[in-house]
Amino acid sequence: MKIVLKQLGRYRKEAWLCIGLTALEVLMEILMPFVTAIIIDRGLDAGDLPVVYRFGALMVLMALLSLVFGTLAGKFAAGASAGFAANLREAIYANIQRFSFSNIDKFSVPGLVTRMTTDITNVQNAFMMIIRVAVRSPLMLVFSYAMCLIISPRMSLMFLIAVVFLVAVLGSIMAVTLKIFNQVFHKYDDLNASVQENISGIRVVKAFVREDFETEKFSKASSTLRKMFVKAEGLLAFNNPAMMVSVYFCILSASWLGAQFIVAGDMSTGELTSLFSYIMSLLMGLMMLSMVVVMISMSLSSIRRIGQVLTEEPELGSPEEPVTEVADGSIDFDHVSFSYKKGSGKNALSDIDLHIKSGETIGVIGGTGCGKSSLVNLICRLYDATQGSVKVGGVDVRRYDTQVLRNQVSVVLQKNTLFSGTILDNLRWGNPEATEEDCVRACRAACADEFIDRLPEGYNTRIERGGANVSGGQKQRLCIARALLKNPKVLILDDSTSAVDTATDAKIQKAFASQIPGTTKIIIAQRISSVEHADRILVLENGRIDGFDTHEKLLETNAIYRDIYESQVKGGGDFDQSA
């Protein structure tokens, strides 16, 4: 709770102003029945019109002040709650940007989206109600009961009984519903995951005519969420019956006892009238308090989930005195083992001992799931090795400033991503200061200029979100050009030419050799033609090194490499290359 409230920031002043103005509004409302009693007893019963006029004018003034205080309190409540929600979103988003892949895996993308939308909206609504209604209702209760004690201490005891009864009922309901709402927001994550998966893969869904299946799956998730909400709201519905029991108890008791006290001369008509006003104010305060209980029940789960993200520390961070310069592109794996889940006993990589010289071109090949992507993820420190050390430029990657390391180790990941904007905007992710000539040169090296020059607007052509308006091969070439603009010491292509034809792939490899000869290049590929001209080729099998040598020697000595070569080349060649 404290961590979440810290995000209130500069809106703290507006929150306190709202609380103060709400207190003044309640004070005006509480004093009006007291003035009404004076008008009845001293003015109307005594036939003194000047008293009626004076105190009537005072009531009008108090009503106007109450209106002004209430309006200003509402304005400041809206500003403080909206600002609080904006600060929370910014804080969560900023912390997510610091997360490593393992942190994101812990929460899941749909879970983070739910926290930044549904959970923050719940907290925003609850905060507005707390600084407005949750301040108003307790003050109304306290002041109304205090005035009841002043008018008739004996009658005030029955109000206390009603309050105790209502608090016990509301507390029991809140304890049960809080557990249900905890489960509800986990189901929200599942629902968002289903939507995200379906929409991102909508082409596959339509290609396999699985719309009905996906609709049914979504309906089941939505139905589960509905049932849980019905259960929670069904319990919260007991608020109203409990409230009405308290209201009728207080009204009947006050009517019966008040009549007896007036007949006995222990109470005046004005006092009974004001007492009824205070009873209604007290009960209205209780009703508003029950609404607050409902909102708090829903928001506590959201607060806890938001707090989890805000307090999550990135597993990968820069050391206190980081190294700020990468000497060269040499890479050393010193008996490295890596597991995505520590302590699980299942290693993605086991005892990798590998040494690459600066400027070398290294091919990496192996079957699906053999650890190729895991290997390169350790070089740019997207994950940390479980055992052993990974060095770049002769320095352990954990000693570098993270930004410095990743600026010098450029990665074109297996899943290529482009962002909405022009081609130039996307290319300048690699180097914000790059000129258009620099971008053209990088695209020429990546063979992306071939299709860009044919576009009506050239490099100013707009890319739709996710690169929806370019093909897979075009997207890959733009991502390669973007990586080249960083002028890195290490360039990693993680199966990044799988969607281009063999001839274009060969041109890209040739351009690398001539334009970035000093850059260490690691090329992960599924086809032999992409790596056969590399200085050395690494063969991985079940997370271990099975071979590391030139193309010719691996054909002679490595059975796995030879099998891959024969299946691709002797078996008919690559998909666009004759046997």
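Remember, it's a predicted structure, so these values are computed and weren't measured experimentally.
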A.B. asks: Judged by atom type as modelled, is there a donor-acceptor pair below 3.5 Å linking the side chain of T422 to the main-chain atoms of N460?
C.D. replies: no
A.B. asks: For residues 356-373, which residue pairs qualify under salt bridge (Lys or Arg N to Asp or Glu O under 4.0 Å), counting only residues two or more places apart or in two chains?
C.D. replies: E360-R536
A.B. asks: Quick test of your reading of the model: are R305 and D119 salt-bridged, counting only N-O distances below 4.0 Å?
C.D. replies: yes
A.B. asks: Taking ring-ring contact (aromatic ring centres under 6.0 Å, His included) as the cut-off, I'd like each qualifying pair that reaches into residues 462-495, sequence neighbours left out, listed once.
C.D. replies: none
A.B. asks: Taking the six-membered ring for Trp and the full ring for Phe, Tyr or His, determine whether the centres of F127 and F84 are under 6.0 Å apart.
C.D. replies: yes
A.B. asks: Report yes if the side chains of F451 and L478 come closer than 4.5 Å at any heavy-atom pair, otherwise no.
C.D. replies: yes
A.B. asks: For the residue pair S318 and T402, confirm or rule out a side-chain donor-acceptor distance under 3.5 Å.
C.D. replies: yes
A.B. asks: Between N103 and E312, does any side-chain donor sit less than 3.5 Å from a side-chain acceptor?
C.D. replies: yes
A.B. asks: Please indicate whether R98 has more than 12 foreign heavy atoms, meaning atoms of other residues, nucleotides or ligands, lying under 6.0 Å from its CZ.
C.D. replies: yes
A.B. asks: Who pairs with F338 by ring pair (Phe, Tyr, Trp, His ring centres under 6.0 Å), at least two apart in sequence or on another chain?
C.D. replies: Y340, Y383
A.B. asks: Between D334 and D353, is there a side-chain heavy-atom distance shorter than 4.5 Å?
C.D. replies: yes
A.B. asks: Does A442 have any side-chain contact (heavy atoms from CB on, under 4.5 Å) partners at least two apart in sequence or in another chain, and if so, which?
C.D. replies: A481, L484, L485
A.B. asks: As a quick check of understanding, evaluate side-chain contact (heavy atoms from CB on, under 4.5 Å) for I365 and Q526, giving each step before the final call.
C.D. replies: CA-CA 6 Å; I365 202 163; Q526 297 291 341; 6.0 Å; no
A.B. asks: Pairs in or reaching into residues 379-388: which pass salt bridge (Lys or Arg N to Asp or Glu O under 4.0 Å), with residues at least two apart or in two chains?
C.D. replies: R381-D384
A.B. asks: Mind checking what makes side-chain contact (heavy atoms from CB on, under 4.5 Å) contact with S222, not counting sequence neighbours?
C.D. replies: L191, F218
A.B. asks: Indicate whether the side chain of S374 and that of N377 have a donor and an acceptor atom separated by less than 3.5 Å.
C.D. replies: no
A.B. asks: Holding to side-chain contact (heavy atoms from CB on, under 4.5 Å), I want the full list of residues that pass it with H533, two or more places apart in sequence or in another chain.
C.D. replies: none
A.B. asks: Can you name the side-chain hydrogen bond (donor to acceptor under 3.5 Å, both in side chains) partners of Q97, sequence neighbours left out?
C.D. replies: none
A.B. asks: If you count heavy atoms of other groups shown closer than 6.0 angstrom to CD of Q308, is the number above 12?
C.D. replies: yes
A.B. asks: Ignoring hydrogens and angles, state whether a donor on the side chain of H551 or Y561 is under 3.5 Å from an acceptor on the partner side chain.
C.D. replies: yes
A.B. asks: Using the ring pair (Phe, Tyr, Trp, His ring centres under 6.0 Å) criterion, which residues pair with Y93? Sequence neighbours excluded.
C.D. replies: none
A.B. asks: Checking P322 now: which residues fulfil side-chain contact (heavy atoms from CB on, under 4.5 Å) with it, not counting sequence neighbours?
C.D. replies: P319, D401
A.B. asks: Between V364 and V531, is the side-chain contact (heavy atoms from CB on, under 4.5 Å) condition met? List the steps.
C.D. replies: CA-CA 7 Å; V364 181; V531 298; over 6 Å; no
A.B. asks: Please list all pairs passing the salt bridge (Lys or Arg N to Asp or Glu O under 4.0 Å) test where one or both residues lie in residues 440-453, with sequence neighbours left out.
C.D. replies: D438-R441, E450-R477, E450-K507
A.B. asks: What pairs of residues pass the salt bridge (Lys or Arg N to Asp or Glu O under 4.0 Å) test when at least one of them lies in residues 544-564, not counting sequence neighbours?
C.D. replies: none
A.B. asks: Take a 6.0 Å sphere around NZ of K217 and say whether it holds more than 12 heavy atoms from other residues, nucleotides or ligands.
C.D. replies: yes
